[in-house]
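Below you'll find the structure, written out as structure tokens, and then a few comments.
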Amino acid sequence: MPQRQKIVLVGQLTLFPWVFEAAERAGIDLVLVPRGDDTVENARRAKAVVEVLPLDIDGDPAAALAALVARYRQEPFDGIMAGNEKVVPFVAHAARTLGLTGISEDAAAVVRDKRSMRRLLRDAGLQTPGFVELDGPDRWTDALPLRFPVVVKPANGYSSLGVIRVDDKDRLEEAVGNTWKLVEANLRQAGEPAGEAGVLVEEYLDGPEVSAESLVHGGRVRVCAVSWKGELTGPYFEESTLRAPARLPAEVLAAIEAEVIGAHHAFGITEGTTHTELRLVGGIRPVLLEMGARIGGGGAMHYVTHASSGIDLAAEALRIHLGREPECWSREPEPAGHSAFYLVPVGPGGRFVRVRGLEEIEADPRVDYVVRSAAPGTLLRPYPDWTGYPALVLSHHESDAAAAEFRDHLARTLHVEYEEQS
Ligand code: ADP
Ligand code: CA
């Protein structure tokens, strides 16, 4: 028997089981670096975890890297993989330091900054809307020459926090001010200059949204699944649902693939897995919104991909980060069917009590996972702010129509209960 391989998984929330289950399926052992808001007890209990290695990556990245190197010297591990967006640069740095498979630190910095992504897409001749970078709230007038409507957003945000559509030039100053406040409160690292955290204003891309999950190994990209997110018109962009495979004409799918593959090359993303969001302008012309060098949705996009294309995305990602070729490079998996991902909307927000109707949904044979992602008593703030989702529902279906119908059923039957305001 060859020895089992061991990979360091950094900051993967244990509430989301997919990567842990994939490691178990693939016979890979995990050394888990718990996310700051997770507990060591949860980390110990997670599937495939043989060791827990707490590191203060946020607070002291240099000490965290030194501790990781010391751990490697004690007994080498075979790879390292990011379990969330924020740790992508740290993981790239660690991989280079230890000589393990990963993306370059430059590429990691690119995909953490929407300004860099926009510049590189433009320079590579790929589709991109007009955009303006602001390094202070007073600079909002720089964006007036853009074609309105525009979207104001943090340069390195997540979950549509602080993303605001603006239709009139008269409302731009106010929107930039609001987004800037949210950046200061949520996204700016201690000691970071204001310009680093920055705000981007870009032209509104009118059309439905899709997401593409890819694997990349030695610079070769495979788009494994394209999911349909549908029409999100704003002014705030709370994500609530997607389903795969997206029902689109072959030429639109081919155009999406070309744009996604081109973006990997432009950004220098050569190893691992990515989550790319695009808009289909006029329903046909794909334009990239952003790319993350990790599994999307905290791992949920593994499920969406696996349950539709048959590709075991998370296991393949782990293999790539162990320096191995993904199995789907040489063996074509059977397409599995249709999958759906539903995020229970926050709605008006407040002090969270529970999601009514979730027990019934959990018992439905089409439902494979229900994740209660907010603890009772948590204050959930409404968009354009963001603190968390109440719950996630992942399901499989026989057709796209059945998946869409189930989404409507969830929207009708699930209700978020908040404490009464006194
Ligand atoms: P985040 O990192 O917060 O997810 P995104 O750039 O993905 O930031 O923006 C969040 C959402 O806002 C997108 O999924 C999309 O629905 C909407 N959005 C962002 N930029 C644009 C744009 N230029 N045109 C249309 N919609 C946009
Ligand atoms: Ca996004």
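Only a predicted model underlies this, so the values are computations on that prediction, with no experimental measurement involved. Atoms within a ligand are numbered from 1 in the order they appear, just like the ligands themselves.
- The nearest non-hydrogen atom to atom 12 (O) of ligand 1, considering only F131, F237, Y236, comes from F237.
- Taking atom 6 (O) of ligand 1 as the reference point, the nearest protein heavy-atom neighbour is K153 NZ, 2.7 Å.
- Interface atoms of ligand 1 facing Y204, defined by a heavy-atom separation under 4.0 Å, are 24 (N), 25 (C), 26 (N).
- For E325 and R319, the salt-bridge test fails: no basic side-chain N is under 4.0 Å from an acidic carboxylate O.
- One finds no salt bridge joining D206 and R279 here, because no Lys/Arg side-chain nitrogen approaches an Asp/Glu carboxylate oxygen to under 4.0 Å.
- The pair R171-D168 does not count as a salt bridge, with every side-chain nitrogen at least 4.0 angstrom from each carboxylate oxygen.
- The E277 neighbourhood of ligand 1 comprises atoms 7 (O), with distances under 4.0 Å to a heavy atom of that residue.
- In this structure, E203 has a heavy atom closer than 4.0 Å to ligand 1.
- By the 4.0 Å N-to-carboxylate-O rule, E277 lies close enough to K229 to be salt-bridged with it.
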Give every donor-acceptor pair under 3.5 Å between a side-chain atom in residues 87-98 and any protein atom, sequence neighbours left out.
from : atom 1 : to   : atom 2 : distance (Å)
R96  : NE     : E105 : OE2    : 2.1
R96  : NH2    : E105 : OE2    : 2.9
T97  : OG1    : H93  : O      : 2.7

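- Of the N and O atoms on the side chains of H397 and S399, not one donor lies less than 3.5 Å from an acceptor on the other residue.
- The protein heavy-atom contact nearest to atom 14 (O) of ligand 1 is E209 OE2, 2.5 Å.
- Looking at K229, M291, R165, E202 and measuring to atom 22 (C) of ligand 1, the nearest heavy atom belongs to E202.
- At least one N, O or S atom of E277 sits under 3.0 Å from the Ca ion (ligand 2).
- E290 has its closest N, O or S atom to the Ca ion (ligand 2) at the position named OE2.
- Residue R118 has no nitrogen or oxygen atom sitting less than 3.5 Å from a nitrogen or oxygen atom of ligand 1, judged on distance alone.
- The shortest contact between atom 10 (C) of ligand 1 and any protein heavy atom is with S160 OG, 3.2 Å.
- Close approach of ligand 1 to K114 is summarised as follows: ligand atoms under 4.0 Å from at least one heavy atom of the residue are 1 (P), 2 (O), 5 (P), 6 (O), 8 (O).
- For R243 and F341, the positive end is not near the middle of the six-membered ring at less than 6.0 Å and at most 45° from its axis.
- Side chain to side chain, S211 and E213 meet the donor-acceptor criterion of an N or O pair below 3.5 Å.
- Between the side chains of T387 and R381, no donor-acceptor pair of N or O atoms lies under 3.5 Å.
- Residue-level proximity to ligand 1 for P154 is absent, since no heavy atom of it falls below 4.0 angstrom.
- Taking every heavy atom of G157 and a limit of under 4.0 angstrom, the matching atoms of ligand 1 come to 2 (O).
- With hydrogens left out, the protein atom closest to atom 18 (N) of ligand 1 is L289 CD2, 4.0 Å, a heavy atom.
- Ranking protein heavy atoms by distance to atom 24 (N) of ligand 1, first place goes to L205 N, 2.8 Å.
- Taking 4.5 Å as the limit, some side-chain heavy atom of R354 sits within range of a side-chain heavy atom of R356.
- If you check the side chains of H264 and T274, you find a donor sitting under 3.5 Å from an acceptor.
- Near E290, with a cut-off below 4.0 Å to any heavy atom, the atoms of ligand 1 are 1 (P), 2 (O), 4 (O), 5 (P), 7 (O), 8 (O).
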